[in-house]
Amino acid sequence: MKAVVLAGGKGEGLLPLTKEQQKELISIAGKPVIRYVLDGLMDAGVTDFVIVTSDKGKDLDKEIGDLNAGYEVVYQKEAGIEGAIRTGVSRVSDNYYVLAFGDIVTSKQLYSSLISLFYTNGKPSISLTPVSEGLNTYGLVELREGKLKVVKSGSTLALAGAYVLPTEPVESFENYLSSLDSSYFVWSGSWVDIGFPEDLLAAVQNVLDERKGSFISDEANISTSAVIGKNVVVEEGATVEEYAVIKGPAYIGKGAYVGNFSLVRAYSSIERNAVIGAYSEISHTLVEPYAEIGSKSYLTYSVVGSKAKVGAGAITESTFTGKMIRGRSNKFGSIVPPAETVAHGTILKPFYSS
């Protein structure tokens, strides 16, 4: 069965991180967001993909080129979800296909459950999941006499972003789902729809919590005086200098650098070739590829965009501002836009400041 994966949305809730790149290409614990979807579908037996993206997804091939499956990247020509679906479905010749949203970070088991449900019932199959915050940001559903109905409010059950559908035209996605004689299941495991900055930190936490045990690459450079805690991943080519401490769960990506006496606290993800300067402290923070954090900096509950340069002695104010849409945590730090340069000694204001 072929899968159509949608990765062409505007990502407005994640600006400025998504000004130049698709949100599906934001890296979390060593993989772009879309790779969590593709890997889950591949585990469920899908081996052929159509990925629908926009001009901001021009680096997709570079990020998933090692995928052990057939795939085709196509560019969305019509607006909206329906336009993206029509673009993807035009490449499908089977009677049914998997439709997956490329911005979901969840357990692989969700996709296996979906495919199993379809092969058991032979009907359109839909994944659902309970949600508890930001309800108006999800596609909600109600179950009426065993039939699924997409609604705008009044429910805490959301569409989970993966479906097996007949290969036919879709004019209105929500109306179409409501019209189907479908099977459904409710997924209660970890699940994050990447739509807002706080979702990135929630996804980091979920991914790191699901990884059990530590992995230290033989090709990593770990000082004998460094301290590596439990459930820590240190990838090949990474360097952890003298007296640095990595408290798990945490992720240190390929080629990343953690300077002398630095402290990387739990639920931090330092992506490939990122640099953490000496004497810095990083906690609950996502540092994107090639970003640089100057020495003696202190960053918490923050997201640092790729190739950003944060000067020495920078400090985040991480407080609850009431602006969070999906407030799983009671505070958020700052977003540093990609390629932004932050002056030495800057106090980064809460939330959407640059």
Side-chain angles (χ1 to χ4, degrees), residues 1-15 17-28 31-106 108 110-111 114-115 118 124-127 139 159-177 180 193-195 289 306 338:
M1 186 180 297
K2 181 174 281 190
V4 172
V5 181
L6 305 186
K10 295 179 179 177
E12 291 172 329
L14 283 162
L15 287 171
L17 296 170
T18 50
K19 184 178 180 181
E20 302 290 341
Q21 74 168 352
Q22 281 296 142
K23 62 179 173 180
E24 291 82 2
L25 294 179
I26 293 174
S27 185
I28 292 175
K31 297 199 295 188
V33 167
I34 193 173
R35 192 61 187 260
Y36 289 93
V37 179
L38 299 176
D39 287 350
L41 288 168
M42 288 174 62
D43 258 31
V46 175
T47 58
D48 201 1
F49 297 92
V50 177
I51 303 171
V52 184
T53 189
S54 73
D55 292 340
K56 292 191 293 185
K58 59 183 181 301
D59 289 334
L60 257 168
D61 271 322
K62 190 187 303 180
E63 295 290 345
I64 65 171
D66 62 340
L67 197 69
N68 188 26
Y71 74 90
E72 177 186 13
V73 177
V74 298
Y75 289 88
Q76 184 173 344
K77 296 179 180 177
E78 301 177 63
I81 292 174
E82 293 81 5
I85 294 172
R86 285 193 289 270
T87 299
V89 167
S90 68
R91 263 71 172 182
V92 180
S93 58
D94 298 334
N95 292 330
Y96 281 87
Y97 71 106
V98 178
L99 175 66
F101 284 62
D103 57 356
I104 303 296
V105 178
T106 184
K108 294 178 179 178
L110 180 147
Y111 300 101
L114 176 72
I115 302 297
F118 171 71
S125 300
I126 295 173
S127 61
L159 296 164
Y163 321 93
V164 179
L165 300 174
T167 308
E168 55 190 15
V170 174
E171 295 301 326
S172 167
F173 184 58
E174 293 181 354
N175 291 342
Y176 179 70
L177 290 185
L180 292 172
D193 169 16
I194 304 295
S306 60

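Using a distance-only test at 3.5 Å, with no hydrogens or angles considered, no donor-acceptor pair links the side chain of Glu24 to the main chain of Gly102. No donor-acceptor distance shorter than 3.5 angstrom exists from the side chain of Lys2 to the backbone of Val50, with no hydrogens or angles considered. No donor-acceptor distance shorter than 3.5 angstrom exists from the side chain of Tyr96 to the backbone of Phe118, with no hydrogens or angles considered. Between the side chain of Ser306 and the backbone N or O of Pro289 there is no donor-acceptor pair closer than 3.5 Å.
A pairwise comparison of heavy atoms in Ser127 and Ala162 identifies OG-O, 2.8 Å as the closest pair. Residues Ala160 and Leu110 come closest through the heavy atom pair CB-CD1, 4.2 Å.
Side chains of Tyr111 and Val37 form a contact here, defined as non-hydrogen atoms less than 4.5 Å apart. Within the 4.5 Å cutoff, the side chain of Gln22 has heavy atoms near those of the Thr53 side chain. Between Leu17 and Lys23, every side-chain heavy-atom pair lies at or beyond the 4.5 Å cut-off. The closest side-chain heavy-atom distance from Tyr97 to Leu165 is below 4.5 Å. Taking the side chain as every heavy atom from C-beta outward, Asp193 and Ile104 approach each other to under 4.5 Å.
For the atom pair CD1 (Ile85) and OH (Tyr176), the distance works out to 9.0 Å, reported to the nearest 0.5 Å. To the nearest 0.5 Å, atom CG of residue Asp103 and atom CG of residue Leu14 are 9.0 Å apart. Of the inter-residue distances, the one linking Ile126 atom CD1 with Leu180 atom CG reads 5.5 Å to the nearest 0.5 angstrom. Going from atom CD1 of Ile64 over to atom CD1 of Ile34 covers 6.0 Å, rounded to the nearest 0.5 Å. Taking NZ of Lys10 as the reference point, atom OG1 of Thr18 lies at 11.5 Å (rounded to 0.5 Å). Met1 contributes atom CE, which lies 7.5 Å from atom CG of Asp94 (distance to the nearest 0.5 angstrom).
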May I have the list of side-chain donor-acceptor pairs in residues 39-49 shorter than 3.5 Å, sequence neighbours left out?
from	atom 1	to	atom 2	distance (Å)
Asp39	OD1	Arg35	NE	2.9
Asp39	OD2	Lys31	NZ	2.8

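Residues satisfying the salt bridge (charged side-chain N to carboxylate O under 4.0 Å, His left out) criterion with Glu171, sequence neighbours excluded, are Arg86.
Counting non-hydrogen atoms of other residues, nucleotides and ligands closer than 6.0 Å to CD of Glu20 gives a total of 12 or fewer. Within 6.0 Å of CG in Asp55 there are 12 or fewer heavy atoms belonging to other residues, nucleotides or ligands.
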Check your understanding: Taking it one step at a time, do Ile51 and Leu38 satisfy side chain to side chain contact (heavy atoms under 4.5 Å, CB included)?
Key -> CA-CA 10 Å; Ile51 303 171; Leu38 299 176; 4.2 Å; yes
Practice item. Go through the steps to decide whether Tyr163 and Phe173 satisfy the test ring-ring contact (aromatic ring centres under 6.0 Å, His included), and finish with yes or no. Key: CA-CA 12 Å; Tyr163 321 93; Phe173 184 58; 5.8 Å; yes
Check your understanding: Run the side chain to side chain contact (heavy atoms under 4.5 Å, CB included) check on Val170 and Ile81 step by step: do they pass?
Key -> CA-CA 9 Å; Val170 174; Ile81 292 174; over 6 Å; no
